Amino acid sequence: MKKIFCVFAGLILIFTFTSICSAEETESGTDNQQYVYNTDEVNFDKTPANKLGRGVINTATCWAEVPAEVMKMSKEKDPVVGCTLGLAVGIFNGLVRGVTGLYDAVTFVAPPYDKPIMKPEYSLKNADDKMREYLW
């Protein structure tokens, strides 16, 4: 098990660093080459680490779809509909977000890295927006 984990961790590091680092070669007067990395030019959105992070976060926070849908339905229709239909829709959306999060986490090395399957990209953003709309 430790060997599998080490191989998997090594692959993560290799894919992450090879995709985010753009190197400039500089001449140093010797035959040795130096690589300079400009961290201001690194675009995290187009890396496997972004897809892995999105997958892990969405899998861990898929439950936030439930209160978001309850609040949304309660505001649009009435609290009874929010507690019944909103609960069912929230559970369904939470399951879908959890499955898509697992998909992103498992396939993080395969492009595209910056295209989330579900909108909004993270469930907590959706829940926070809906609760603010309902309460304020």
Side-chain angles (χ1 to χ4, degrees):
M1 188 68 175
K2 287 182 181 181
K3 290 180 184 179
I4 293 172
F5 177 75
C6 289
V7 168
F8 189 65
L11 287 174
I12 290 171
L13 291 173
I14 289 169
F15 283 117
T16 301
F17 289 117
T18 57
S19 65
I20 65 172
C21 296
S22 61
E24 289 181 19
E25 295 180 13
T26 60
E27 296 298 324
S28 61
T30 63
D31 290 338
N32 295 334
Q33 293 181 347
Q34 291 180 328
Y35 294 99
V36 178
Y37 300 104
N38 186 355
T39 56
D40 295 333
E41 294 177 5
V42 173
N43 188 358
F44 179 72
D45 291 342
K46 296 182 178 183
T47 64
N50 178 40
K51 190 173 182 182
L52 177 63
R54 181 176 58 240
V56 169
I57 289 170
N58 279 333
T59 302
T61 61
C62 63
W63 58 269
E65 290 290 333
V66 176
E69 284 300 321
V70 170
M71 294 292 180
K72 177 182 168 190
M73 293 277 189
S74 294
K75 184 176 183 182
E76 289 176 357
K77 310 235 189 266
D78 79 20
V80 174
V81 173
C83 290
T84 54
L85 184 61
L87 182 67
V89 170
I91 290 171
F92 177 76
N93 286 349
L95 289 173
V96 171
R97 186 168 295 276
V99 169
T100 59
L102 282 173
Y103 176 78
D104 277 347
V106 170
T107 63
F108 74 97
V109 293
Y113 307 119
D114 59 342
K115 305 225 184 324
I117 296 171
M118 286 191 75
K119 301 283 183 180
E121 190 170 3
Y122 298 104
S123 62
L124 288 180
K125 175 78 172 133
N126 189 22
D128 185 49
D129 290 345
K130 298 301 178 205
M131 283 188 216
R132 285 179 193 266
E133 286 176 14
Y134 184 72
L135 297 174
W136 286 278

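Model, not experiment: these values are computed from the prediction.
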Can M71 be reached from F92 by stepping across I, L, V, M, F, W or Y side chains whose heavy atoms are under 4.5 Å apart?
no
Would you indicate whether the side-chain heavy atoms of N93 and E69 approach each other to under 4.5 Å?
yes
So, N50 side chain and Y113 main chain: donor-acceptor pair closer than 3.5 Å or not?
yes
Indicate yes or no: at least one non-hydrogen side-chain atom of Y122 is less than 4.5 angstrom from one of I57.
yes
Are V106 and L52 linked, directly or through other ILVMFWY residues, by side chains that come within less than 4.5 angstrom of each other?
no
Output a table of donor-acceptor pairs, distance under 3.5 Å, between side-chain atoms of residues 78-91 and any protein atom two or more places apart or on a different chain; print 'none' if there are none.
unit_1 : atom_1 : unit_2 : atom_2 : d
D78    : OD1    : V80    : N      : 2.9
D78    : OD1    : V81    : N      : 3.0
T84    : OG1    : V80    : O      : 2.9
T84    : OG1    : V81    : O      : 3.3

Between NZ of K46 and CG of D114, what distance do you get to the nearest 0.5 Å?
5.5 Å
Which heavy atom of C62 sits nearest to which heavy atom of G98, and what is that distance?
CB-N, 3.7 Å
Indicate the atoms forming the closest heavy-atom contact of E121 with R97, along with that distance.
O-NH1, 3.4 Å
Would you please name every residue forming a side chain to side chain contact (heavy atoms under 4.5 Å, CB included) with Y103, sequence neighbours left out?
T107, I117
On a heavy-atom basis, the closest approach of T59 and G55 is OG1-O, 2.7 Å
